[in-house]
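Just so it is clear, the values below take in all heavy atoms, side chains as well, and ignore hydrogens, waters and symmetry mates.
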Amino acid sequence: MTASLFAFCFLLLLLMGTGWTLRVEHHSRSAANPYVVDVILRTYGGDVDCLGFALRSLDRFAGSLFRAVHIVAPRANLPFLKYLERPRSRDLIPRYLHGVDEFTNGYNQQMYDKIHSDEFSDAEFIYHVDSDLVMTRAVHWSDLFSEDLKPWLPLRRWENMGGSQVWKSKTDHMVNLTCPFGFMVRHGLIYPRIVYRLLRERIRQVHGVSVREYFLARGGQIGSEFEALGLVAWSLCRDRVALWNMDETPWRSYVNQARSWDGLTGRQILFYECLLSTVSPGPIVGPVNNRTALLLKNGEAQARHCEELLTPEILNDLNR
């Protein structure tokens, strides 16, 4: 074996050992997926019960779309989440854990981490999932991108935003921009990676301090990361996104939210097991967690069979 061949083989083994090779090659560009898209999932230890369902639903309903899932959590919570890491997988979406050091309250910290999403992933586009979101049907490329391959930016006029209008003044203050639309109007939001840098630069330019210093000075609930990202995308790089006016064309949802702060009921757990473990209505099959098994054994659920939980009416209502 020549010296150059030996060096090449050594380098290849080194890269495989770090997980770098699979991380780049898994779901890379293809005719079906012309862009590399990664998922950012910001969570913490208290969301563990919901988080497992969110990750399983990505594997089942969106496995062909995403290169990797990046799970971002406070560094102190990583021991509780280590079991979720899956850096090498040829059949399922690889997962990577990222620890962050907390410096502000929990709400503002998760917002700060999300507007730095491009520092956890080098993907061209970043898709956001919360711990308590579960995909309920197959997710298609057209759910993320328009026909001219621009990510959808959903919006709605502020007067139609209901209680979410509370975020307008906070977002306007953050970036000193304004527009007639709000952007936190549905789940499943995706942005070009440039938007994150533009948002941080805008905060520094407007306030003359670092993003960290701005967050420390404001306190309370500083705003909404998705309102801020949407406003910057609309104002500073509108040519890179495709606008979807929710006032004119309703969105056909593919996401169910359980609201992690409320906790999961036994019926919700069984519902998710049915949704994620079976192809068609029938007995619950496949892996179930210990809590689900206990619920089944104790008869706390109304049904052992998925057809009683996954009725056509329920599924249609979920996917409106």
Side-chain angles (χ1 to χ4, degrees), residues 27 29-42 54 57-58 61-70 93 111 114-115 117-118 121 123-130 132-162 164 167-168 171 175 177-199 223-257 318-320:
H27 298 324
R29 290 181 182 174
S30 66
N33 294 3
Y35 296 133
V36 174
V37 184
D38 279 358
V39 174
I40 293 289
L41 198 161
R42 175 50 164 89
S57 74
L58 284 169
F61 292 121
S64 64
L65 294 181
F66 303 120
R67 180 184 62 170
V69 176
H70 297 273
I93 309 174
M111 180 178 177
K114 287 178 186 174
I115 68 174
S117 291
D118 57 325
S121 164
E124 297 160 283
F125 295 90
I126 293 173
Y127 180 91
H128 289 271
V129 172
D130 286 338
D132 54 3
L133 299 182
V134 173
M135 309 292 162
T136 59
R137 65 164 171 83
V139 186
H140 305 290
W141 192 257
S142 58
D143 291 315
L144 277 59
F145 292 92
S146 64
E147 291 184 0
D148 56 352
L149 299 180
K150 294 181 179 180
W152 290 117
L153 181 66
L155 48 82
R156 175 169 284 149
R157 296 194 71 85
W158 273 113
E159 58 263 33
N160 299 326
M161 289 285 287
S164 295
W167 301 118
K168 185 179 188 307
T171 305
V175 294
L177 296 169
T178 188
C179 81
F181 300 105
F183 301 93
M184 195 170 63
V185 295
R186 67 167 176 84
H187 298 298
L189 298 174
I190 181 173
Y191 305 97
R193 68 177 294 106
I194 191 176
V195 173
Y196 302 90
R197 177 174 60 80
L198 290 176
L199 172 56
S224 161
E225 63 274 21
F226 298 124
E227 289 295 353
L229 289 165
L231 180 54
V232 166
W234 186 88
S235 302
L236 304 182
C237 52
R238 203 179 312 173
D239 60 324
R240 294 174 180 256
V241 297
L243 305 182
W244 185 296
N245 191 327
M246 299 278 286
D247 292 324
E248 299 174 356
T249 307
W251 188 263
R252 184 172 183 266
S253 175
Y254 53 84
V255 177
N256 178 247
Q257 184 178 35
L318 281 176
N319 294 328
R320 278 180 188 170

Listed partners of [X] passing side chain to side chain contact (heavy atoms under 4.5 Å, CB included), at least two apart:
X      : value
Ala138 : His140
Asp247 : Arg156, Arg157, Asn160, Asn245
Leu243 : Leu153, Leu155, Trp234, Arg238, Val241
Asp148 : Ser146, Lys150

Expected list for residues 177-190: side-chain donor-acceptor pairs under 3.5 angstrom, two or more places apart:
unit_1: Thr178; atom_1: OG1; unit_2: Lys168; atom_2: NZ; d: 3.1
unit_1: Arg186; atom_1: NH1; unit_2: Gly188; atom_2: O; d: 2.8
unit_1: His187; atom_1: NE2; unit_2: Gln257; atom_2: OE1; d: 3.3

Report task. Under the salt bridge (Lys or Arg N to Asp or Glu O under 4.0 Å) rule, collect the residues that match up with Glu227, sequence neighbours excluded. Result ->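 With sequence neighbours excluded, Glu227 shows a salt bridge (Lys or Arg N to Asp or Glu O under 4.0 Å) to no residue whatsoever.
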Query raised in the report: Of all residues at least two apart in sequence or in a different chain, which pass the salt bridge (Lys or Arg N to Asp or Glu O under 4.0 Å) check with Arg197?
Result: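 Salt bridge (Lys or Arg N to Asp or Glu O under 4.0 Å) list for Arg197, sorted by chain: Glu201.
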Report task. Kindly determine whether Val255 and Met135 satisfy side chain to side chain contact (heavy atoms under 4.5 Å, CB included), including the steps that lead there. Result -> CA-CA 5 Å; Val255 177; Met135 309 292 162; 3.9 Å; yes
Quick one: pull up [atom1] in [X] and [atom2] in [Y] and give me the separation to the nearest 0.5 Å.
X      : Y      : atom1 : atom2 : result
Asp130 : Ile40  : CG    : CD1   : 12.0 Å
Leu198 : Leu229 : CG    : CG    : 10.5 Å
Glu225 : Lys114 : CD    : NZ    : 4.0 Å
Ile93  : Leu65  : CD1   : CG    : 8.0 Å

Locate the shortest heavy-atom distance separating [X] from [Y]; write the atom from each residue and the value.
X      : Y      : answer
Ser57  : Ala54  : OG-O, 2.8 Å
Arg67  : Ser121 : NH2-OG, 4.0 Å
Val175 : Leu231 : CG2-CD2, 3.6 Å
Tyr127 : Tyr254 : OH-OH, 2.8 Å

Query - With Phe61 via ring pair (Phe, Tyr, Trp, His ring centres under 6.0 Å) - residues at least two apart - result: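 With sequence neighbours excluded, Phe61 shows a ring pair (Phe, Tyr, Trp, His ring centres under 6.0 Å) to no residue whatsoever.
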Is a side-chain N or O of [X] found less than 3.5 angstrom from the main chain of [Y], in a donor-acceptor match?
X      : Y      : value
Glu124 : Val36  : yes
Trp244 : Thr249 : yes
Trp152 : Ser142 : yes

Query raised in the report: According to the interplanar angle, ranging from 0 to 90°, do the rings of His128 and Phe226 count as parallel (below 30°), tilted (30 to 60°) or perpendicular (above 60°)?
Result: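 Aromatic pair His128/Phe226 classed perpendicular.
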Requested in this report: Output, in order, the C-alpha distance, side-chain angles, deciding distance and verdict of salt bridge (Lys or Arg N to Asp or Glu O under 4.0 Å) for Arg193 and Asp38.
Outcome: CA-CA 10 Å; Arg193 68 177 294 106; Asp38 279 358; over 6 Å; no
Query raised in the report: Who are the side-chain hydrogen bond (donor to acceptor under 3.5 Å, both in side chains) partners of Tyr191, not counting sequence neighbours?
Result: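 side-chain hydrogen bond (donor to acceptor under 3.5 Å, both in side chains) check on Tyr191 returns nothing, list empty.
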Query raised in the report: In terms of heavy-atom contacts, does CD of Glu147 have more than 12 from other residues, nucleotides or ligands at under 6.0 Å?
Result: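 No, the 6.0 Å shell around CD holds no more than 12 heavy atoms from other groups.
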**Report entry** Audit row: Val37, Phe145, side chain to side chain contact (heavy atoms under 4.5 Å, CB included) steps and yes/no
**Finding:** CA-CA 11 Å; Val37 184; Phe145 292 92; 4.0 Å; yes
**Report entry** Stepwise side chain to side chain contact (heavy atoms under 4.5 Å, CB included) check, Ile126 with Val195
**Finding:** CA-CA 10 Å; Ile126 293 173; Val195 173; over 6 Å; no
